[in-house]
Amino acid sequence: MQDLRYARASSVADAVRLLADGGPTARILAGGTDVIVQARERTREISLFVDVKHLPETMALRSANGAGLVIGAATPCYRIYGDADVARDYPSIVDAASLIGGTAIQGRASLGGNLCNSSPAADGVPPLIALGATAVITGPGGERRVPAREFATGPGQNVLGAGELVVSIEVPAPTPGSGVRFLRFIPRNEMDIAVVNVASALRFEGDTVAEARVVVGAAAPTALLVEEAAQALVGQPLTEETIETAAAAARAAVRPIDDMRGSVKQRRHLAGVLTGRTLRDAARRARGEEVASHP
Amino acid sequence: MVAPAKSPYRVVGTRPVRPDGTDKVTGRANYGSDIRLPGMLFGRVLRSPHAHARILRIDPSKALALPGVKAVITHTDFPAAEDAVADLGETSSNLKWLVDNVLASDRALYHGHAVAAVAATDPHVAEDALALIEVEYEPLPPVLSVHEAMNEAAPRIHPNMHTVEMMARFTPGPRSEHDIPNVASHLRMEIGDLDAGFADAEVVIEREYETGTSHQGYIEPHNGTALWNEHGELTVWLSTQGPFAMRDSLARVLKLPVSKIRVVPMEIGGGFGGKISAYMEPMAAVLSKKTGRPVKMIMQRDEVLFGTGPTSATYVRVKVGAKRDGTLTAAEAYLAYESGAYPGSPVGAGGMCMFAPYRVPNQRADCYDVIVNKPKVSAYRAPGAPAAAFAMESTLDELAEQLDIDPLEMRVRNAAVDGTRRIDGVAFESIGNEAVMTAAKESPHWNSELQGENRGRGIAMGFWTNGGQESSAYATVNSDGTVNLVIGSVDIGGQRAALAMQLAETLGIDYEQVKPLVVDTDSIGYTFITGGSRTTFATGWAVHEAGLEIQRLLEDRAALIWEADRELVHYDDDGVIRGPDERSLSFTEIAKQLHRTGGTVQGKADVTPEGVGPTFACHIVDVEVDPETAKVQVLRYTAIQDVGTAVHPAYVEGQIQGGAVQGVGMALSEEYVYDSEGRMRNASLLDYRMPTTLDVPAIETILVEEPNPGHPYGVRGVGEVPIVPPLGAIASAIYQATGVRPRTLPASPRVLLEELLPDDEG
Amino acid sequence: MSSRIIVTAEINGEPTEFLADERDSLLDALRERLGLMGSKEGCNNGNCGACAVLLDGRLVNSCLVMAAETEGARVTSVEGLAQQDRLLPVQEAFLDHAALQCGICTPGFLVATQALLAENPDPTEEQVRYWLAGNLCRCTGYDKIIAAVLDAAGRAATPAG
Amino acid sequence: MATVFIPALMRDLCGGRHSVEVEGATLRQVLSNLEPECPGLYALVVEDGMVRLGIQLAVNGVTSSSGLLRAVPEDAEVQILPAMSGGQRSAAP
């Protein structure tokens with residue numbers, strides 16, 4: 001563990017001040033499941049942890065009817081998937097929150113942390129992008145909102161400026177006829193980093209796909225919103241043919257790398273497979289069918 | 001015979017709670033890393049970032065200037081180093097290799113090779129100090145596979161080393177006429193006439209197989225705490241499978257007589273063969289000597305993976321010939337195993353075990369021990385056998401398919417029986433091989449129908465033999481009718497229970513009356529490691545002998561008490577001593593009288609038992625392969641094993657289940673991943689993928705109890721053979737599910753997908 | 001340079017004040033500062049579960065919690081599971097089923113199981129396996145652990161007579 | 001007479017024979033009596049008066065660490081084997 005200090009923020013403004021005073025090596029400490037490992041293994045220089053888990057804003061979880069969902073940036077996964085309203089209205093978020101790490105990791109890890117760690121393979125990010133979520137950022141210059149899809153700018157890099165932190169994530173309310181699904185591929189059945197992950201969101205008008213979003217993770221420097229996949233789906237009923245066209249679009253759009261966790265060929269192929277599977281499940285959910293996130 | 005209808009024993013064969021159980025479910029048990037001594041310092045190790053590099057300079061001055069840092073050591077701080085350097089050449093360089101592997105001398109030979117160590121007042125400071133030790137390296141080209149290593153153009157990792165024709169590891173024979181680059185030794189085993197055997201065959205197939213490097217994966221990292229006192233006496237507390245083996249290693253590296261070293265075995269958090277060799281312990285000792293304070297060292301997980309001994313990555317080529325009716329006529333194997341940076345892979349054991357379940361009159365195995373720039377391999381559960389068995393079992397399966405014979409029937413037809421000669425010439429005696437195959441044939445699993453798409457069932461055999469070697473035990477009778485049983489065998493998974501049970505059986509008393517105690521190397525006679533499937537067998541034998549001595553002494557005492565003819569006094573199986581005139585004393589009754597009739601009684605034994613019993617296993621596995629992702633899910637698993645007498649059946653089952661799941665890991669997910677520079681890329685339990693609860697089903701076990709005639713209670717070693725069959729069984733199941741036969745393991749989705757994908761994709 | 005902090009927390013039911021290095025994880029603090037050696041370090045980066053504890057009742061890996069974070073918190077480690085001289089049903093079940101071999105992963109499994117049963121007193125085998133997937137065991141192949149957990153759930157549901 | 005099975009790579013010391021019959025009541029006697037038949041073999045198996053590390057000798061298929069003093073029954077089979085048990089001393093350098 002590198003030499004570092006710990007400070008507990010007493011308010012969002014206090015957190016902003018602590019971050020600003022701490023300089024570029026100050027980091028927000030939410031669940032800590034990434035940053036504590038980075039500090040211990042010295043893969044990222046950190047001199048100060050600013051703990052934001054004692055603030056109502058960062059620990060929020062509100063899903064007012066019709067007004068969307070607000071997830072505090074530090075709200076741990078277990079609270080997210082344990083919430084009946086979230087489970088009903090935002091099942092793809094539950095899909096992700098319930099498979100990040102094991103149970104003990106989910107006791108701490110947060111979607112805000114997942115976003116800010118900005119790993120291309122983050123499991124929490126594709127569902128947020130597919131749902132059109134927005135990160136609410138506060139900093140020395142006040143508050144700003146950045147769409148989840150624009151948040152990460154590269155592996156480990158994001159739009160946060162000096163002294164800025166994500167306070168919460170806002171997710172629009174589901175519209176009638178919509179269905180969402182997130183899946184990842186890992187070699188084991190738990191405790192792995194995604195080789196590829198995909199979130200899909202569909203909105204039907206009758207049998208016709210009125211809106212579609214397919215987001216592929218771990219297959220490009222940041223999670224990738226595959227516009228061509230959406231184009232292949234919108235305006236038609238969802239069929240195995242349109243699904244295959246969307247999957248082919250996902251395969252064509254990804255820019256994966258070869259690393260110890262997966263090969264280019266494997267990732268490209270899996271992007272197609274998971275696109276198909278998430279679309280089928282999303283359609284089921286749109287029809288009101290039960291698709292379980294986990295046992 | 002699956003299980004004896006009625007056990008002849010009272011205690012053996014029951015399932016009592018282990019004596020150390022309560023401490024282990026309350027967090028009170030003291031493992032090696034739990035020790036805390038006054039004034040203790042904390043040590044850490046600096047490791048090479050290069051797989052192969054000359055070490056030009058090590059400058060610890062900045063580290064030593066850091067407040068709290070008390071000492072830094074390098075290779076030259078070992079007293080044996082000077083002699084060891086002179087011990088170059090082609091003859092046995094054991095000592096140099098041992099010392100160099102603990103701390104690199106002139107060259108770092110693998111990523112993670114220790115180059116310096118530091119002791120400081122606080123673990124954080126020790127870690128800070130590592131970054132301040134300056135090491136100048138000259139990187140050299142690394143050699144990373146047996147194929148690379150054996151190529152004429154390959155750099156010689158040990159330039160003075162020549163291939164020796166060996167009887168066995170470390171035993172130089174004549175220098176080979178063909179000096180193969182980086183091959184430390186070549187061992188050939190042969191029986192019969194191979195050419196005639198193949199000439200006799202009607203079908204011959206030859207196939208190649210490879211396996212990756214896997215690690216024992218014990219959850220407790222290596223640890224060691226040393227105190228070298230002012231009188232030159234060294235005490236080391238640690239988690240080890242072999243306190244006496246560690247004492248021997250320390251004596252050699254530190255040039256100390258064994259009487260100056262006391263090794264205190266703490267509870268151990270898994271070993272599987274990996275906690276025998278010395279790694280940090282000599283460093284902790286020298287750091288303690290330099291500072292005059294106790295020094296505690298604990299490895300981080302990445303150090304465990306790249307700085308200790310995993311098992312060999314392997315290449316095996318096997319050729320098998322058979323008649324049309326399935327009768328095997330000849331089998332030949334070429335095995336090349338990575339030994340890591342120093343000689344000593346378990347390739348000979350691989351060659352010895354792979355054909356053992358079968359009656360093959362003509363056999364040959366050529367075994368090559370190959371140096372590469374990776375960690376020196378260490379023992380891992382049935383060392384060398386899983387990879388070799390994978391090759392043979394897969395080939396046998398393919399042969400059975402070609403001949404249209406059921407794979408289990410193919411094995412039954414060729415089963416080795418009593419009198420069958422193994423490749424090393426030994427003729428089997430009292431083996432349970434056929435009984436295991438019969439039990440497999442009759443098992444619910446084999447007789448169930450496998451339904452569903454993309455599913456397949458595989459079956460494979462495995463063979464291993466267990467060890468004898470030295471063990472000591474003594475037992476003292478307490479006045480309340482209990483017995484303190486003192487042993488030198490570390491309890492790694494229920495050994496206290498299994499040993500206490502054998503003593504209770506011998507004495508005809510209850511299991512609860514025996515209180516086992518594991519002690520340090522000053523407190524008991526030499527006891528070989530807990531490993532090699534030997535503890536319940538060999539230490540059990542010592543315990544039994546100690547019990548027999550107590551019986552004799554109590555007979556003496558009863559005769560004295562009764563003033564009876566000694567010849568008429570007998571200790572009976574029920575723990576009652578009977579004499580003339582229907583006199584009798586129970587164990588508890590006589591125990592009460594000991595102090596008033598001449599003092600306490602102690603039985604002791606030092607044994608080196610023969611009569612080790614070979615063991616066979618047959619595993620059946622059902623898998624489902626996702627045709628789109630190539631992910632393999634194990635659906636059902638049954639392990640059938642000849643266990644001799646199961647002393648504590650629950651721990652026997654546990655050994656089988658644990659071994660099987662380690663084999664599943666080898667087959668599907670576990671492997672070291674290196675980059676082209678030889679750096680290990682996945683040195684964490686996130687990316688070195690051991691099976692989780694979700695990756696395996698319940699492991700059904702069928703215990704075939706074929707008692708070992710060479711042991712008082714019929715015990716055979718059970719711990720190792722269960723890791724042998726899983727690789728072949730799973731590979732065959734994958735073939736049945738997909739039509740693709742994996743020849744490289746692990747059959748990770750990444751590798752298997754390449755085979756399953758249509759060529760036109762992408 | 002390291003700096004020292006004083007942390008006040010409730011450890012296994014006892015109000016406790018301890019001195020820690022600001023870099024200490026909760027695992028470091030429990031073991032090195034408080035002498036509670038029951039929580040084990042297997043990987044020190046959240047991948048094995050041997051250090052699992054309850055933090056304000058929630059299952060976490062203590063290697064991924066800073067000691068400083070526990071100011072004002074409730075921590076339960078394996079040492080805090082048993083009540084006076086009575087083992088919990090889950091501890092008894094682990095002993096009866098031989099669900100431990102070397103025992104190094106056992107504290108983490110016990111704490112995790114206790115957390116599971118608090119939330120779901122009657123889990124299915126699949127739910128047990130899912131909940132415990134973050135706890136690695138290398139000795140047992142998990143079989144007897146799962147059996148012990150299912151049995152413990154049954155025992156807890158049946159009050160002792 | 002005991003029958004000593006000769007390992008493949010030592011057979012050229014014994015005129016290519018796979019096995020040789022010799023007298024001897026202990027392993028030391030058997031190996032000593034073998035020397036005229038297989039010159040050089042003794043030194044490959046015995047070092048400093050003890051069985052070399054890494055080798056084990058089996059009598060009727062049973063190995064032991066009792067060394068050269070072990071009794072050899074009449075008509076016994078003797079094999080010269082590589083040490084192979086899990087975690088044998090020779091597994092570590």
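Order of the sequence lines fixes the chain letters, A, B, ..., with proteins taken first and strands second; residue numbering starts at 1 for each chain.
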*Taking every heavy-atom pair that is under 4.5 Å apart, which of B/Leu753, B/Val673, B/Asp302 has the most such pairs with chain A?*
B/Leu753
*Can you name the salt bridge (Lys or Arg N to Asp or Glu O under 4.0 Å) partners of A/Arg8, sequence neighbours left out?*
none
*Which bit of A/Arg267 is near chain B, if near means a heavy-atom gap under 4.5 Å: side chain, backbone, both or neither?*
neither
*Side-chain donor-acceptor contact under 3.5 Å, B/Glu671 with B/Asn682*: no
_Heavy atoms from other residues, nucleotides or ligands near CD of A/Glu45 exceed 12 (cutoff 6.0 Å)_ = no
*asked:* Under 4.5 Å from any heavy atom of chain B, what part of A/Ile186 do you find: side chain, backbone, both or neither?
replied: both
*Does any donor atom in the side chain of A/Tyr6 or A/Asp51 lie under 3.5 Å from an acceptor atom in the other side chain?*
yes
*Within 45° of the ring axis of B/Tyr672 and under 6.0 Å from its six-membered ring centre, is that where the NZ or CZ of B/Lys374 lies?*
no
*Would you mind checking if B/Arg636 and B/Asp622 are paired as a salt bridge, meaning a charged N to carboxylate O distance below 4.0 Å?*
no
*Check whether B/Leu685 gets within reach of chain A through its side chain, its backbone, both or neither, counting any heavy atom under 4.5 Å.*
backbone
*Tell me, side chain or backbone of B/Leu686 under 4.5 Å from chain A's heavy atoms, or both, or neither?*
both
*Pick whichever of A/Gln266, A/Arg277, A/Arg188 has the most heavy-atom pairs under 4.5 Å with chain B.*
A/Arg188
_Quick check on B/Asp626 against chain A: is it the side chain, the backbone, both or neither that has a heavy atom closer than 4.5 Å?_
side chain
*Of the backbone (N, CA, C, O) and the side chain (C-beta and beyond), which part of B/Thr629 lies under 4.5 Å from a heavy atom of chain A, both, or neither?*
both
*Judged by modelled atom types alone, do B/Tyr637 and B/Gln657 share a side-chain donor-acceptor pair under 3.5 Å?*
no
*In terms of heavy-atom pairs under 4.5 Å, which option from A/Asn189, A/Asp259, A/Val195, A/Val273 contacts chain B the most?*
A/Asn189
